Number of protein chains: 2
Amino acid sequence: MTQPDLAVSTVIFALRGTSSENMVLSLPLVRRIRSPFEGTWALPGGPLGDEEDLAQAAGRNLRDTTGLEPRYLEQLYAFGQPDRSPDNRVVSIVYWALVGGDEFAATFDDENVQWFDADDLPALAFDHALIVEYALWRLRNKLEYSRLAHGFLEPTFTLAQLRKVYEAVLKRRLDPGNFRRTVEASGQVVPTGERLAGTNHRPPQLYRFNTAQGLIDPDPLTIRTALTHPGVAS
Amino acid sequence: MTQPDLAVSTVIFALRGTSSENMVLSLPLVRRIRSPFEGTWALPGGPLGDEEDLAQAAGRNLRDTTGLEPRYLEQLYAFGQPDRSPDNRVVSIVYWALVGGDEFAATFDDENVQWFDADDLPALAFDHALIVEYALWRLRNKLEYSRLAHGFLEPTFTLAQLRKVYEAVLKRRLDPGNFRRTVEASGQVVPTGERLAGTNHRPPQLYRFNTAQGLIDPDPLTIRTALTHPGVAS
DNA sequence: GGAGTAAAAGTCAGGATGACATGAAGTCCG
DNA sequence: CGGACTTCATGTCATCCTGACTTTTACTCC
């Protein structure tokens, strides 16, 4: 039995758009510069360094290849089908990350790194299409019961902005009143006391995320908080 | 950068006990027969074969070292801290599995394979204590919204037996009436039409799992079904 | 044949959710 | 200056879900 190669890749998500309207979930891809799949778009990734843990390797490879700085990083899955690479055997440990919508400028000015709409991707190398599909599912699924929308937003935001993040990711319209009620009741969010000026209407309250409340369902290496789930009965 | 060793290990769960009362969640461990941690209890595992995918490697290593046959197998997490093994660098891709309560006899008659209560584990090699803790969290969390209790049960069972599985895993008492209501409404389970004889009371209806309904939140390599979650609002 | 046991079904109050309505606080323009 | 317009913010209401509890049914045991 020969040791397979080990790679660490990341599916990076950001919300592209005019920060209030028609936001689109999108992700950066890198063009492969060597065989196999030379010239094809692929997920950013690379090898595992000697002194790094897996999350550090994911973050470093992400930064090195795209110039982006992740606000949220979580392990997705390890892919190891024997035939997923035509040449050597490669096991990929894949992470997924969120970056802010202002990060597009930070992307390398390089024709080999480009952003694509999550719903309109080009042909991808290896099994990366499957990986992206799974990451998308995980993002949407997790957004519903965890507070990770902060990965897309500035430290301070309005509830309408937060709602639009949810709407863009889930591709579904949410009732503003009900959204306000549930989000405020959840304690995920605290009003700063300030209001957003410069609108052509009633100025909305600004909020920030409640740092006292931990992230739900994190990596096993971080501290976990209790999770209240729908439950089975009684 | 040197390639790390790659291992595939599995946390195996079974319910031990008199099949109706005082069931205890327990798991088999193997005693290490080589350095490092020689003589210490550890998770069953081994290398990745050339032609295997990761799940196959987990199942094979599990069978080879314990003799058990998993009824449910799912990837848990990839662990790769640089210092998790004192000697060489090892990245472990860890799965978790469920086996039936009747599988204790199938365990190798070997002092190097033993069952332990999940709440009363010995000192474990490497970071395996952390891994087991995380697997336990995942099992309990997932049992609440997914239909994987079948991994512990015979093909046919009563609702009381199913409820006792939930109670043993979640370590919490469930109301029989409410449990029946939610489980029947969920469509996870279908009555066979037969009843269980030999009790000293009213004979309970036998059920089997609804095969038409897919497993929720499976591996990315299998087909996924829609998931209805608590949701954020509207 | 009555006591005992668990199965199965039913009841009820409280909380969460979705759909919708109303008032509040600004800007814009004639 | 004042009405139209916009979105924020709050409120209402019917419905469904959940947890706690009660009642009836069907069997065995003594």
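Just so we're on the same page: letters track the sequence lines, and every chain starts at 1. Since the structure is predicted, the reported quantities are computational estimates derived from the model, not experimental observations.
For Arg181(B), the side-chain atoms get nearest to dA20(D) when compared with the rest of dA7(C), dA20(D), dA19(C).
Each of Ile12(A), Leu76(A), Val8(A) was checked for a side-chain contact (heavy atoms from CB on, under 4.5 Å) with Tyr95(A), and the lone residue meeting it is Val8(A). Partner Tyr207(B) forms a side chain to side chain donor-acceptor pair (under 3.5 Å) with one of Glu194(B), Glu184(B), Gln188(B) and no other, that one being Glu184(B).
Under the 30°/60° scheme for interplanar angles, the aromatic rings of Phe116(B) and Trp41(B) are found to stand perpendicular.
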Can you tabulate the close N/O pairs, meaning under 3.5 Å, that link protein atoms to atoms of nucleotides 23-30 of chain D?
| residue | atom | partner | partner atom | Å |
| --- | --- | --- | --- | --- |
| dT25(D) | O2 | Arg202(B) | NH1 | 2.7 |

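In this structure, the CZ atom of Arg180(A) is 18 Å from the P atom of dA19(C), given to the nearest Å. When the P atom of dT17(C) is taken as reference, atom CG of Leu174(A) falls 13 Å away, rounded to whole Å. Phe179(A) has its CZ atom 17 Å from the P atom of dT7(D), to the nearest Å. Distance, Leu196(B) CG to dA7(C) P: 10 Å, rounded to whole Å. Whole-Å rounding puts the Phe157(A) CZ to dC8(D) P distance at 14 Å. One atom, OH of Tyr145(A), and another, P of dA16(C), lie 21 Å apart when rounded to the nearest Å. With rounding to whole Å, Leu206(A) atom CG is found 15 Å from dT7(D) atom C1'. At whole-Å resolution of the value, CG in Asp175(A) and P in dC8(D) are 12 Å apart.
Within 4.0 Å of Ala160(A), counting heavy atoms only, lie sugar-phosphate atoms of the nucleic acid but no base atom.
Taking the six-membered ring where the residue is Trp, the centroids of Phe209(B) and Phe157(B) are separated by under 6.0 Å.
Judged by distance alone, the side chains of Ser92(B) and Arg84(B) do bring a donor and an acceptor atom under 3.5 Å apart. Side-chain atoms of Asn178(B) and Arg181(B) form a donor-acceptor pair, as typed in the model, at a separation below 3.5 Å.
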